[in-house]
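By convention here, the first residue in the shown sequence is residue 1.
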Amino acid sequence: MTQTNSPLPEQEEQIVEAGVHNFSKEDEWVKPDDPLLLERLEWFKDQKLGLMMHWGPYSQLGLVESWALSDEDGDWSRDDVDWTDDMEDFKREYFDLNKTFNPIRFQPEEWAQMAADNGFKYFLFTTKHHDGFCMWDTKTTDYRITGKDTPFHTHKYADICRTLFDAFRAKGLGISAYFSKADWHTPYYWAPGMERGRHMWRGPSYDPHKYPWMWEKFVEFTHEQIMELLTNYGRIECLWLDAGWVREGRHGQDIRLGEVVERARKSTQPWLLSADRTVGGPYENIVTPEQTIPEHPMNIPWESCITVGHSFAFGFDDQYKSGRQLAHILLEVVSKGGNLALNVGPQPDGRLPKGAIRGIQGLGEWLNTHGEGIYSTRICAPFYTKDWAFTQKEDVHTVYAFRMYRNESETPEERLIIPYVEKVERIELIGTNDVLSFQQTEEGLLVELPRSATSNQAPITHTFRLITKS
């Protein structure tokens with residue numbers, strides 16, 4: 001058992017490093033027994049691209065979401081807190097941000113249309129981050145978007161989760177609900193006057209072993225919130241659970257997650273997938289690397305959450321990735337067997353940043369032509385190299401080979417070798433459907449591109465459709 005004011009033990013540090021979560025290993029993944037869940041995991045692996053959003057009152061500051069509240073994490077999360085040295089005063093200011101959060105330029109239908117138009121297949125939204133502010137009309141706390149202290153509570157879109165979930169579902173996207181198992185606002189987790197004093201960390205302010213009645217209150221509170229989302233907010237494809245330190249075996253923080261997930265599956269959402277990040281076991285159906293892509297392919301359901309800008313939350317001076325960069329990130333993820341949850345942090349006024357939209361539209365334009373090699377595909381050797389990414393659709397005997405160009409000033413070669421050594425009967429160039437002559441060599445497939453494909457600036461990719469069997 002840890003001393004109340006000691007540094008986090010090494011195993012805790014491995015869960016979150018500077019706000020970035022580790023991810024579980026492939027050989028630790030537990031395959032579900034339920035045929036419906038296995039079917040839904042295949043559905044998930046077909047989708048490939050999700051839109052993720054971190055949004056809440058913290059967007060008004062342009063800071064990292066939640067983390068600056070934790071004194072134990074202040075060494076990296078408070079770099080932009082430059083108006084005060086009094087961190088107790090800062091915490092009070094942060095928790096009062098709900099009183100000024102009024103995103104009157106919020107247009108949920110436009111967000112959903114943008115996602116559908118640019119190739120996204122599901123929507124992953126932060127219903128509650130670690131700071132405890134609820135973006136839905138919960139009955140468990142007044143610290144919510146529909147609470148009387150929040151000026152937006154009178155708006156027609158006040159129940160932001162309901163509005164967004166309905167809008168995205170209407171465009172055919174699946175819904176994934178991010179939910180933080182930690183809650184730094186409720187006194188059932190960060191209880192005042194406990195032995196930790198004011199020096200807070202990401203865990204509870206008390207020892208659950210010493211105060212089991214208080215911990216039970218927190219468990220009941222958490223279960224009620226989860227069941228609200230899974231009962232009153234329509235079909236949810238995945239319950240995406242953050243705060244991996246809240247788990248059985250870590251300082252008594254067992255919230256009996258399986259109990260509430262199984263209750264939801266039996267009563268309202270039999271298809272529900274669970275992503276209990278970094279925890280492993282039967283409720284981490286999807287493994288979730290963060291701001292990284294695994295070095296090697298993984299033949300399990302996984303999803304890299306990566307930002308369009310530098311941060312998950314909105315930043316006033318953030319720089320956003322181009323469509324070319326986003327397409328290449330997606331190709332690396334998909335060719336290694338994963339999905340990409342591409343994160344955008346909405347502005348405090350309710351708009352999406354224009355720089356992020358430009359990058360997303362560039363990705364969407366590319367997907368409009370090349371998406372057949374992305375969606376509903378599976379891994380295919382040689383997977384991913386410096387310049388190439390591969391996918392396949394086994395049912396139609398087709399392999400897709402993507403030659404990536406890192407910038408438009410590259411000069412595409414008229415003759416190139418596709419490093420694929422299996423037998424091929426036909427090669428077509430996607431975008432033109434030109435049938436290319438080729439030679440099968442020991443190094444791969446020697447093809448000659450038409451002059452029209454090499455005479456202009458380098459595209460994001462040249463994509464080849466390899467028919468492996470007629």
Look at the aromatic rings of [X] and [Y] and report parallel, tilted or perpendicular, splitting at 30° and 60°.
X: Phe101; Y: Trp55; value: perpendicular
X: Phe218; Y: Trp215; value: tilted
X: Tyr58; Y: Tyr94; value: parallel
X: Trp201; Y: His251; value: perpendicular

Polar contact flag, side-chain donor to acceptor under 3.5 angstrom, [X]-[Y]:
X: Asn433; Y: Arg465; result: yes
X: Asp131; Y: His185; result: no
X: Ser176; Y: Glu237; result: no
X: Gln392; Y: Thr377; result: no
X: Glu109; Y: Tyr157; result: yes
X: Thr138; Y: Arg144; result: no
X: His397; Y: Thr468; result: no
X: Asp117; Y: Gln113; result: yes
X: Tyr320; Y: His310; result: no
X: Tyr420; Y: Gln440; result: no

Before we go on, tell me: are the rings of [X] and [Y] under 6.0 Å apart, centre to centre?
X: Trp67; Y: His130; result: yes
X: Phe106; Y: Trp111; result: yes
X: Tyr122; Y: Phe44; result: yes

Donor-acceptor contact below 3.5 Å, side chain [X] vs main chain [Y]:
X: Thr126; Y: Met53; value: yes
X: Trp366; Y: Gly362; value: no
X: Asn407; Y: Glu410; value: yes
X: Asn368; Y: Gly364; value: no
X: Glu224; Y: Phe221; value: no
X: Gln269; Y: Ile236; value: yes
X: Thr369; Y: Gly431; value: no
X: Gln361; Y: Arg358; value: no
X: Arg265; Y: Leu272; value: yes
X: Arg162; Y: Asn232; value: yes

### Lys181: which of Asp276, Asp242, Asp254 passes salt bridge (Lys or Arg N to Asp or Glu O under 4.0 Å)
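Exactly one candidate clears the test, Asp276.
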So, are [X] and [Y] salt-bridged, with charged N and O less than 4.0 Å apart?
X: Lys171; Y: Asp166; result: no
X: Lys128; Y: Asp183; result: yes
X: Lys48; Y: Glu303; result: no
X: Lys393; Y: Glu372; result: no
X: Glu428; Y: Arg426; result: yes
X: Glu332; Y: Lys336; result: yes

Does any part of the side chain of [Y], heavy atoms only, come nearer than 4.5 Å to the side chain of [X], both counted from C-beta?
X: Pro294; Y: Pro289; value: yes
X: Tyr375; Y: Gln47; value: no
X: Phe133; Y: Pro57; value: yes
X: Glu284; Y: Ser274; value: no
X: Tyr400; Y: Thr461; value: no
X: Leu51; Y: Leu124; value: no
X: Glu290; Y: Ser304; value: no
X: Trp29; Y: Ser24; value: no

### Considering all heavy atoms, the nearest Leu36-Pro270 contact
CD2-O, 3.5 Å
#### Entry: Nearest heavy atoms of Asp137 and Tyr233, plus distance in Å
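Closest pair (atom of Asp137, atom of Tyr233, distance): N-OH, 3.2 Å.
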### Message
Taking CD in Glu394 as the centre, count heavy atoms belonging to other residues, nucleotides or ligands within less than 6.0 Å. Is the count above 12?
### Response
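Open: at most 12 neighbouring heavy atoms sit under 6.0 Å from CD of Glu394.
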### Task
Evaluate the criterion ring pair (Phe, Tyr, Trp, His ring centres under 6.0 Å) for residue pair His462 and Tyr405; output intermediate values, then yes/no.
CA-CA 8 Å; His462 278 129; Tyr405 298 97; 5.3 Å; yes
### Message
Less than 6.0 angstrom from the centroid, inside 45 degrees of the normal: does Arg235 satisfy that with respect to the ring of Trp271?
### Response
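Output yes; distance and angle both within limits.
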### Query
Regarding Arg250 and the six-membered ring of Trp245, is the cationic atom NZ or CZ under 6.0 Å from the ring centre and inside 45° of its axis?
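Because its charged atom misses either the 6.0 Å distance or the 45° angle limit, Arg250 does not stack over Trp245.
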### Message
Could you go through Arg378 and Glu42, starting from their C-alpha distance and side-chain angles, then the distance that decides it, and tell me whether this counts as salt bridge (Lys or Arg N to Asp or Glu O under 4.0 Å)?
### Response
CA-CA 10 Å; Arg378 296 296 185 266; Glu42 289 303 310; 2.9 Å; yes
### Task
Run the numbers on Tyr384 and Glu295 for side chain to side chain donor-acceptor pair (under 3.5 Å), then give the verdict.
CA-CA 10 Å; Tyr384 181 82; Glu295 184 177 354; over 6 Å; no
### Task
Show the numbers, then the answer: is there a ring pair (Phe, Tyr, Trp, His ring centres under 6.0 Å) between His54 and Tyr178?
CA-CA 9 Å; His54 280 67; Tyr178 172 114; 5.5 Å; yes
### Qualifying residue for side chain to side chain contact (heavy atoms under 4.5 Å, CB included) with Leu49, from Ile374, Leu367, Val334
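By the side chain to side chain contact (heavy atoms under 4.5 Å, CB included) criterion, Leu49 pairs with just one of Ile374, Leu367, Val334: Leu367.
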### Query
Are Ser180 and His129 close enough, and set up right, to give a side chain to side chain donor-acceptor pair (under 3.5 Å), and what steps lead you there?
CA-CA 5 Å; Ser180 172; His129 207 262; 5.9 Å; no
## Note on the structure
Here the gap from Thr140 atom OG1 to Glu220 atom CD, rounded to the nearest 0.5 Å, amounts to 12.5 Å
